J.: 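Here it is: the structure, laid out below.
The chain is numbered in sequence order, starting from 1. In this text the structure is predicted, and so the values were computed from the model without any measurement. First listed ligand is number 1; within each ligand, the first listed atom is number 1. Hydrogens, waters and symmetry mates are skipped; everything else that's a heavy atom, side chains included, is used.
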Amino acid sequence: MSREVEDHRIHNESHNTPFADIVERHLSRRQILQGGLGVAAVSMMGGFGLGGSLRAWAQDKSPLALGFESVRGSRTDAIVVPAGYRAQVLIPWGTPLNGNATEWQKSLAMTPQQQANSVGMHHDGMHAFPLDSKTGSRRFLLALNNEYIDQDALWAPQGGPTRPDGVRPADEVRTEINAHGVTIVEIQRQDDGGWAHVVDSPYNRRITTATPIHLSGPVAGSDYVRTRYSADGTRTRGTNNNCANGYTPWGTYLTCEENWPEVFVNTGERFSDDARLGLPTDRGRYGWETAAGDGEQDDEFARFDITPGSGEATEDYRNEARTFGYVVEIDPYTQATAMKRTALGRFRHEGCWPGPVRAGEPLTFYTGHDSRNEYIYKFVSAAKWDPADEPEPGSETDRLTIGSKYLDEGTLYAARFDEDGRGEWLALTPEALTPSGRTLAAALGLEADDAAGIIIHTCDAADLMGATPMDRPEWSSVDPVSGEVYFTLTNNSKRTADGTEPTFTNDGEALEASGVGYATAPTNAANPRASNESGHIIRWREQPDNRFAWEIFLFGSDADAQTNRSGLTQSNQFASPDGLWYDERGDGQGILWFQTDNSDNAVAEYTNDQLLAVVPGALAIGDGSGSVLDARNQNQLKRFAVGPNGCEVTGIFATPDRTALFINIQHPGNWPADGDALSQDATKIADGKVRPRAATVAIWKEDGGQVGV
Ligand code: FEO
Ligand code: CA
Ligand code: CA
């Protein structure tokens with residue numbers, strides 16, 4: 001079904017939408033960001049000096065070039081990669097991690113025990129942790145999110161899911177719970193250039209929606225999280241809907257809880273945060289709560305029904321959902337109990353990415369709330385970075401204690417993007433003053449020192465401080481040299497051109513703001529498209545005094561669309577950017593990789609979801625069409641890979657030597673081709689119908705060189 005690849009790069013010069021005015025206003029500032037006014041002028045802007053001068057220097061050195069031909073769009077049951085590359089399926093769902101799981105075969109009936117000892121389902125964010133040395137590129141631990149489940153594939157041999165008399169069988173629910181969460185698995189390079197996992201590695205581990213986890217930070221031990229399971233509010237069970245990820249300088253993995261509200265149900269009186277986050281009021285997504293009763297252990301299913309009882313909070317699970325919605329820190333090198341780092345906010349976290357790491361300065365982590373008209377946040381640690389806190393890979397170190405030093409105390413901010421290309425980080429602290437001059441604690445109806453309450457009501461707090469509602473913030477990545485922060489805004493069907501007012505008020509009584517948010521939001525400079533179907537990528541640089549300067553880097557679009565602002569062609573058209581990674585390659589240069597999670601539009605008719613690459617340092621000054629990448633330089637943006645039918649492409653990292661790149665294929669429709677095999681050629685098309693399995697895909701050059709160049 002693929003159309004011919006044509007060159008549409010000189011088309012759609014129209015500026016006939018209201019937002020053309022806004023992009024013209026951005027032009028002069030973008031020239032500054034690109035070095036067009038020279039390093040001296042750049043330095044005068046404050047905070048731009050380092051990146052501006054490095055960029056000018058990098059361009060003098062001749063920019064890094066993408067060394068592959070853009071691949072055509074594809075709509076097959078196979079991965080497509082450029083000529084000269086190999087792509088291998090690695091650790092698909094169901095891969096046994098140890099001897100407690102039997103060998104995978106396509107007719108395998110999954111059980112709680114089997115799933116708890118096998119790779120989880122629906123691979124998403126991931127990161128690699130070296131075992132030999134920081135730069136070792138042949139042996140590492142892969143920490144992998146298993147975001148959600150495909151019940152048809154999970155229950156294919158038996159038929160299911162089942163719900164006799166409206167009740168889910170306990171072992172079905174346990175199996176589904178064990179298919180969620182995180183997988184830690186040792187990976188090694190083979191002599192033929194391919195990759196294999198290490199069965200029975202002592203590091204192999206699953207953390208599921210049933211695994212005990214500690215709470216830490218402001219919410220831990222507060223009244224908000226006391227439950228029948230943890231009367232002192234310091235513990236919970238499981239992490240759920242782990243979407244994207246992050247990592248720390250001290251060698252731990254951050255996994256982020258995104259669409260967790262749907263596994264709970266509240267049929268009674270709602271908390272305002274339940275309403276704000278969209279917890280169901282009729283049944284949970286999979287009906288796990290229906291398995292409660294005889295045969296369950298320690299309320300393992302009852303906890304998903306958070307309907308308040310008539311007694312104390314410690315007699316039921318009204319607070320159980322308040323133990324979810326966090327960034328969770330895991331030490332991949334040990335079996336230590338994971339920690340929910342509540343200081344980083346509570347919402348539908350997509351991921352959590354570190355900013356530049358500099359000795360003697362606080363650490364910064366960027367995190368977004370992936371829902372329509374929600375916010376971008378950052379956390380700044382109270383502790384300043386001490387390089388002595390970076391252990392040797394694999395060494396015996398209590399990494400989670402280091403994590404407590406940097407991730408439990410600090411300030412959470414939400415971003416306000418102003419029309420003039422500047423922005424401000426708004427502190428979400430009890431004493432912060434809202435635009436109407438009240439303290440945030442008072443505006444939320446909280447006690448004056450209730451830091452835990454601010455976190456529980458993070459979204460309401462950001463509303464009240466005047467944060468900018470965004471087009472579904474997904475992944476972020478930071479150029480560690482320039483400090484530029486890239487963020488994908490995937491799409492937004494609830495953005496309107498005509499200025500719908502927010503449905504809450506900033507100056508009313510305390511609780512008027514709670515539990516509401518924006519149903520729709522008017523376009524703004526940072527989110528300029530009404531009914532944004534294709535998404536965009538924004539970037540910014542930090543400035544002093546909690547300010548930043550931002551610009552739109554790239555707009556997604558169908559090549560033929562009227563609003564093709566970045567001048568895309570068939571060879572790089574895309575929509576719904578999601579995964580993102582700035583791959584630093586030295587000399588202040590790097591490749592920005594990004595992945596798509598698209599459906600139901602003209603781009604989807606042309607190609608399955610994809611992985612694209614662009615070299616930001618190679619981009620000349622744009623043509624004023626409103627993004628850094630535009631009709632004059634968009635040939636710097638190339639399609640590197642296309643996934644199989646039905647999938648989303650997500651998760652990305654490369655070996656330190658850049659000779660292998662890893663991505664994930666989530667929810668494929670009919671892939672990988674060999675239903676019985678674990679490792680296999682990812683580019684092969686199945687002969688008939690297979691039991692689909694999400695999997696990691698390792699991609700490397702046949703000549704052993706660096707990927708992408
Ligand atoms: Fe799980 Fe926002 O993607
Ligand atoms: Ca995502
Ligand atoms: Ca997505």
J.: Indicate, with yes or no, if the rings of His369 and Tyr375 have centres closer together than 6.0 Å.
T.: no
J.: List the atom of Tyr326, the atom of Gly345, and the distance in Å for their closest heavy-atom pair.
T.: CD2-O, 3.5 Å
J.: Do any N/O/S atoms of Glu648 come under 3.0 Å of the Ca ion (ligand 3)?
T.: no
J.: What's the shortest heavy-atom distance between Leu580 and Gln595, and which atoms?
T.: N-OE1, 4.4 Å
J.: Considering just N/O/S atoms, say which atom of Asp370 is closest to atom 2 (Fe) of ligand 1.
T.: OD2
J.: With respect to the Ca ion (ligand 3), please indicate if Asp578 possesses an N, O or S atom at a distance under 3.0 Å.
T.: yes
J.: Taking all atoms of both residues into account, what is the closest heavy-atom pair of Gly120 and Gln115, and its distance?
T.: CA-NE2, 3.7 Å
J.: For atom 2 (Fe) of ligand 1, what is the closest N, O or S atom on Glu350?
T.: OE1
J.: Short check: any N/O/S atom of Glu474 below 2.8 Å from atom 2 (Fe) of ligand 1?
T.: yes
J.: Indicate, with yes or no, if the rings of Phe594 and Tyr486 have centres closer together than 6.0 Å.
T.: no
J.: Does Asp597 bring an N, O or S atom to under 3.0 Å of the Ca ion (ligand 3)?
T.: yes
J.: Please name the pair of heavy atoms, one in Ala116 and one in Asn178, separated by the smallest distance, quoted to 0.1 Å.
T.: CB-ND2, 3.7 Å
J.: Would you mind naming the N, O or S atom of Glu350 nearest to the Ca ion (ligand 2)?
T.: OE2
J.: Any salt bridge linking Glu176 with Arg285? Criterion: basic side-chain nitrogen under 4.0 Å from a carboxylate oxygen.
T.: no
J.: Does any N, O or S atom in Glu258 come within less than 2.8 Å of atom 2 (Fe) of ligand 1?
T.: yes
J.: With the Ca ion (ligand 3) as the reference point, give the N/O/S atom of Glu474 that is nearest.
T.: OE2
